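Just below is one structure, and these are the notes that go with it.
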Amino acid sequence: MSEENVNQYDFRVIEAKWQKRWEEADLFRVEYDPTRPKFYGLDFFPYPSGAGISVGHCRNYVPLDVACRLKGMQGYNVLRPMGWDAFGQPAENEAIKRGRNPREMVPEYAANYRRQLKLVGMSYDWSREINSSAPDYYRWTQWFFLLLYKQGLAYRANTPINWCPSCKTGLANEEVVGGKCWRCGSAVEKRPLPQWYFKITAYADRLISGLDTINWPEGIKTQQREWIGRSEGAEVDFQVVEHDATLRVFTTRPDTLWGATFMVMAPEHPLVSQITTAEQKTSVQEYIERAKRSTEIERQATDRAKTGVFTGAYATNPVNDAPIPIYIADYVLMGYGTGAIMAVPAHDQRDFEFARKYDLPIVMVYQSSPEQTSESLMEALPAGGVMVIGEFAGEPNSKETVRKVIEWIEARKTGEGVINFRLRDWLISRQRYWGAPIPMIHCPACGTVPVPEDQLPVPLPDVEKYQPTGTGESPLAGIPEFVNTTCPQCNAPAKRETDTMGGFACSSWYFLRFADPNNSERPFDPELANYWLPVDLYVGGAEHAVMHLLYARFWTKVMHDAGLVPFDEPFQRLRNQGMLLAYTAGRRVTKDEAGDGEEVDTNEPLEDWKVLKPEEKAAVPEDQWIWKWVKMSKSMGNVVTPDEIAERLGADTLRLYSLFVAPFEETVLWADKGIEGAHRFVNRVWRMWTELRPHYVADWRNGSTTTSDAERKLRRKLHQTIRKVGGDIEEFKFNTGVAALMEFTNELSAFRNALGNQPPTLEQTTLVSEILETLTLILAPIAPHLADEFWELLGKEGFTFRVPFPQFDPEAAAEESILIVVQVNGKLRDRLQVAPGTEAAEIERLALACEKVQAEMQTKQVRKVISVPGKLVNIVMG
RNA sequence: GCCCCAGUAGCCCAAUGGCAGAGGCAAGCGACUUAAAAUCGCUACAGUGCGAGUUCGAAUCUCGCCCGGGGCACCA
């Protein structure tokens, strides 16, 4: 009976037992220890949604956990914290939906997350748990707002903002995706409102150059570079005819000034009203009105025909004094450059289209051939050709020419070289309740005054009603007890700022708070931050490529400049996990649903496919279901939870499968079949290991060494596996690391079968003991519950997390002989076994001596022999 | 339209210039079993999306296409 029990892999009991012991021993709690090297592994700051985590979340939490456990076994002092991005719209919207207060809901949801993360064996130091909506956290978010303000990096401006009518709040540029709100997909409008901004544009250059110093996926770096969008060019002044005004334009092609035949201003340009003539007033007014009404989606549609209106005014081209008409058109954006352009239809496609439509002259600056004329042009010529007019006639169409022209313009004082960025300042104001109040006070006498640091936090009032107002005003504006205060400077009655900060403020510094989460004197102790930071390994989804990662880098640079931290990049190494898709039943969108945009649920992609809700499944015949692979998410109703997998197959199986299913960064299609295989493997390990365990001797290191071929081979495989598993985890190649473990168990199985019921020899006992112990430890980062159970079964104390990860023995891992392939003209002819390190000349000699090669040499002449030591010999004959 | 990433066996994936196959799923066969499951063992299956090129040698490098995924999109 007892024999039976030992061989029964009861993962439910084992996993619960070790999770309890880890907790009792406070195993993952870490302390500052400058005598030890540190390792900081961090997950993207999650919002704890009511749905809890799905197996999709395991795609990032498990690999980082494995990497951190390995680092711990390698002797690093590992910081692995977790906290909740609890402020912001996801939490608020969910609370509204459930008619609850987010203040009560967040801790509940966080508790569920915590429970689930423990269930899959995560090695978090829970003593460092933080909640960004707690006053002792947002107090410091507000403190950082004031820091930015003091540095001149926070300002209030009344410019038209991106307004999401559904979220009822302003959006930063980064939060507008294709003219739609990133969160809900509604069409974004423009609204004038006074708003707080962070001057991230002041750091544009450093946000680009810093990318060269960090180990991030190239794709993410490219996205950030393109988002910041640095472009070199010049600003040039055009005198407006018969007005005391100059129109300044930005151009990357000042070399084409000679071909500028008209100007275009954005409809919002402040000069428009001043220079528009009486005759044109009506049509210009109409155009401006129309531009205002159209949504960002409409304005951003690139395939749309160019439209515009003549202002009646003219400007003087500074290079040839020609008067050229000034138009307004919505393809020119007020937010980029100067909001006005010089149009060179011959060399810019957009200007070309506009010129053809409104019959404006086209003048060629560059020509690739004499036959080419402005009349014959079918499209603009952005590149190539030689300059044919002006002072620089004869110059090629090149960067060098652009540079020369800029110098010339500067000398003539009509313009200057300028670097422009696509990046705009970061809109931080939200007109919502659930966020950190912006710590500013509006005083009638003193103006805008910061809240003194010692009065922080400005507490978010606890209220019953917090729904967004929709008027563009924060719900806080309706709470007199909050709004009315006194001016910190003159003590006169004053009003508080009622906007709150967007959630990205909280996540721009949380990684620092983990270094010192309970500090009530400052956001963090510099000594602790210097020890733990920067984050060594940061893991999360690629969807934050621009927003969060850009903002966090910006805040870190600001802190660096304020002398708070010595580094200026927060995340040394970044990895993005792939998405997890589930096969999901859906149906076609019916005509009436597609018809009106108002009623369509904007959380779902606006396509012709809609997920079948559970209640709809009965109504729609099964042969009309359309199956699709879509992201696993609560709104799709296709979630598989770690709870059900842990219950059915165990956490270690789930961990192993999360790693094995595909390369880390690849998209995964969730199929239940695959995980059965992972479970089979874990069972197989259990069975083999427990069967061999009776042969274990603790002092195997003093035992006799193995000599038989088969045993030496198995030991070689063991040491190769140590090397492979450790290396693959470091390189984030978890799938091949797990495969290596499977390979080893396959060989171990053959050994066990060969052993049968015979008692093992002394040598075999030594080998088996080494295997039992080593296998336990190399499994430990991946299947920690199983490993700790094994460790105990070996009669050891404590936890594998505290045991050094095995070192591989290079001698034991070395191959005894190497296979050399012999090819003739690239085709396989023979194989040779040679000792490692055999020189090229020697294997060449052996290859030429091969029978099959000799046979071919009878009829052909050897032209060349390529001999690659350790690989092959290729004999070229003809 | 532009920029990334991928395309290898029925499926998920290894191999990053050197014998196309490590691992898993599914399939087939055998052993064990009264039988089945589980387990153990064995087996078959592709010439690497298409077309050129470089090379002694290409899944791997280069160029041009096709297909899928992701990102950006009037930025002057």
Side-chain angles (χ1 to χ4, degrees), chain A residues 177-179 217-223 225-227 229-231 233 249-254 256 264 266 299-304 306 329-333 335-344 347-351 353-354 420-424 542-543 545-546 576 578-579 581 629 656-657 660-663 665-678 680-681 683-684 687 724 733 735-746 749-750 752-753 819-831 863-868 870-878:
Chain A
V177 180
E218 274 310 313
I220 301 284
K221 288 192 188 182
T222 306
Q223 279 186 54
R225 276 190 206 103
E226 285 174 358
W227 186 263
R230 182 191 151 102
S231 75
V249 300
F250 173 72
T251 175
T252 55
R253 298 300 304 273
T256 61
V264 187
R299 269 189 78 164
Q300 284 180 16
T302 50
D303 48 358
R304 180 168 147 256
K306 302 276 173 293
D330 63 6
Y331 79 90
V332 173
L333 311 171
Y336 184 77
T338 62
I341 62 157
M342 64 173 203
V344 184
H347 302 295
D348 182 283
Q349 186 58 27
R350 296 155 301 185
D351 300 344
E353 284 166 27
F354 194 84
N420 230 307
F421 295 93
R422 200 187 88 113
L423 181 71
R424 320 280 167 82
E543 68 274 13
V546 212
N576 303 118
M579 283 196 299
L581 307 184
W629 286 102
L656 190 105
Y657 183 62
F660 181 63
V661 61
E665 66 284 356
E666 218 103 293
T667 299
V668 167
L669 312 177
W670 179 266
D672 260 356
K673 276 282 190 284
I675 199 166
E676 307 281 349
R680 251 198 303 264
F681 168 74
N683 262 302
R684 189 168 148 91
R687 215 176 305 113
K724 179 79 177 154
K733 288 155 67 177
N735 56 327
T736 49
V738 172
L741 281 167
M742 291 175 167
E743 255 180 88
F744 176 73
T745 39
N746 288 345
S749 173
R752 186 211 39 191
N753 290 345
L819 184 72
I820 301 288
V821 171
V822 179
Q823 295 179 335
V824 172
N825 293 337
K827 299 213 170 56
L828 179 71
R829 284 295 173 269
D830 208 348
R831 299 180 173 91
R863 306 253 180 237
K864 196 173 174 185
V865 180
I866 291 106
S867 180
V868 184
K871 298 228 162 125
L872 58 34
V873 179
N874 188 14
I875 300 153
V876 186
M877 295 192 206

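Since the model is a prediction, treat every value here as computed from it, not as a measurement. Note on naming: letters A, B, ... go to the chains in the order of the sequence lines (proteins, then strands), and numbering restarts at 1 for each one.
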Give one of base, sugar-phosphate or nothing for A/Asn825, where a contact means two heavy atoms less than 4.0 Å apart.
-> nothing
Note: for A/Arg424 and A/Lys673 on RNA chain B, the residue whose nearest nucleotide lies more 5' is A/Lys673
Glycosidic torsion of B/G10 (syn if within 90° of 0, anti otherwise) classifies it as anti
Note: for A/Gln823 and A/Val661 on RNA chain B, the residue whose nearest nucleotide lies more 5' is A/Val661
Testing B/C72, B/G23, B/G41 for proximity to the side chain of A/Phe660, the answer is B/G23
request  = Report yes if a side-chain nitrogen or oxygen of A/Asn746 is closer than 4.0 Å to either non-bridging phosphate oxygen (OP1 or OP2) of B/G41; otherwise report no.
outcome  = no
Winner on side-chain proximity to A/Glu743, out of B/C56, B/A22, B/C40, is B/A22
Span that lies between the P atom of B/A73 and that of B/C56, in whole angstrom: 47 Å
- Message: Base, sugar-phosphate or nothing for A/Pro217? Non-hydrogen atoms, less than 4.0 Å.
- Response: nothing
Regarding the side chain of A/Val332, the nearest nucleotide among B/C56, B/A76, B/G23 is B/A76
Give a yes or no on whether a salt bridge exists between A/Lys221 and A/Glu218, defined as a side-chain N under 4.0 angstrom from a carboxylate O.
yes
Rounding to 0.5 Å, atoms OG1 (A/Thr736) and CE (A/Met742) come to a distance of 12.0 Å
Ranking B/A76, B/C40, B/C74 by distance to the side chain of A/Phe250, first place goes to B/A76
Between CZ of A/Phe744 and P of B/G24 the distance, given in whole Å, is 15 Å
Over all strands shown, is A/Asn735 touching base, sugar-phosphate only, or nothing at heavy-atom distances under 4.0 angstrom? sugar-phosphate
Of all heavy-atom pairs linking A/Ala740 and A/Lys724, the shortest is CB-CG, 3.4 Å
Between B/A26 and A/Arg680, is there an OP1 or OP2 to side-chain N/O distance shorter than 4.0 Å?
-> yes
Open item on the list: If you apply the rule side-chain hydrogen bond (donor to acceptor under 3.5 Å, both in side chains), what do you find for A/Asn825 with A/Arg863, and how did you get there?
Closed with: CA-CA 10 Å; A/Asn825 293 337; A/Arg863 306 253 180 237; over 6 Å; no
Main-chain N/O of A/Val344 paired to A/Asp351 side chain as donor or acceptor, under 3.5 Å
yes
Give a yes/no answer on whether the side chain of A/Arg684 brings an N or O atom under 4.0 Å of OP1 or OP2 in B/G41. yes
Can you check the distance between B/C65 and B/G70, where both ends of the measurement are the P atom (answer in whole Å)? 22 Å
Query raised in the report: If we take the P atom in both B/A36 and B/A27, what is their distance in whole Å?
Result: 16 Å
I'd like the C1' distance from B/G71 over to B/A59, given in whole Å. 27 Å
Of B/G18, B/C40, B/C72, the nucleotide closest to the side chain of A/Trp227 is B/C72
For B/A73, the nucleotide meeting Watson-Crick or G-U wobble distances (both under 3.5 Å) is none
In this structure, CZ of A/Arg422 is separated from CZ of A/Arg225 (nearest 0.5 Å) by 15.0 Å
Practice item. Take atom C1' in B/G7 and the same atom in B/U60, then report the distance between them in whole Å. Key: 14 Å
Rounded to whole Å, the NZ-P distance (A/Lys827 to B/U55) equals 18 Å
Of B/A76, B/G70, B/C13, the nucleotide closest to the side chain of A/Met579 is B/G70
Under 4.0 Å, heavy atoms only, any strand: does A/Gly229 hit a base, just the sugar-phosphate, or nothing? nothing
Could you measure between the two C1' atoms, the one in B/C4 and the one in B/G41, and give it in whole Å?
47 Å
Whole-Å distance, A/Glu665 CD to B/C12 P, equals 16 Å
As its Watson-Crick or G-U partner within any shown strand, both distances under 3.5 Å, B/G57 has none
**Asked** B/A73 phosphate, OP1 or OP2: any side-chain N/O from A/Arg422 under 4.0 angstrom?
**Response** yes
Taking the C1' atom of each, how far is B/U33 from B/A38, in whole Å? 11 Å
Of the listed B/A15, B/C56, B/A76, the closest approach to the A/Ser231 side chain comes from B/A76
- Query: For A/Ser749 and B/G41, is the shortest distance between a side-chain N/O and OP1 or OP2 below 4.0 Å?
  - Reply: yes
The Watson-Crick or G-U wobble partner of B/C25, with both key distances under 3.5 Å, is B/G10
Quick note, A/Asn874 side chain, CB onward, closest among B/C74, B/G57, B/G23 is B/G57
Touch class at under 4.0 angstrom, heavy-atom based, for A/Asn683 against every strand present: nothing
Between NZ of A/Lys221 and C1' of B/C4 the distance, given in whole Å, is 14 Å
Inter-nucleotide C1' distance (B/C67, B/U48), Å rounded: 16 Å
(Q) What contact category does A/Gly337 fall into here, base, sugar-phosphate, or nothing, at under 4.0 angstrom with non-hydrogen atoms? (A) nothing
Looking only at heavy atoms, the pair that brings A/Gln823 and A/Leu872 closest together is OE1-CD2, 3.3 Å
By the Watson-Crick or G-U definition, both distances under 3.5 Å, B/C32 is matched with none
If pairing means Watson-Crick or G-U wobble with both distances under 3.5 Å, then the partner of B/C63 is B/G51
Margin query: Considering every strand and a 4.0 Å limit on heavy-atom distances, what is the contact class for A/Val868: base, sugar-phosphate, or nothing?
Written below: base
### Message
Does the Lys NZ or Arg CZ of A/Lys306 fall within the cation-pi geometry relative to A/Tyr331 - under 6.0 Å from the ring centre and within 45° of the axis?
### Response
yes
The nucleotide from B/A73, B/C74, B/A76 with an atom nearest the side chain of A/Thr251 is B/A76
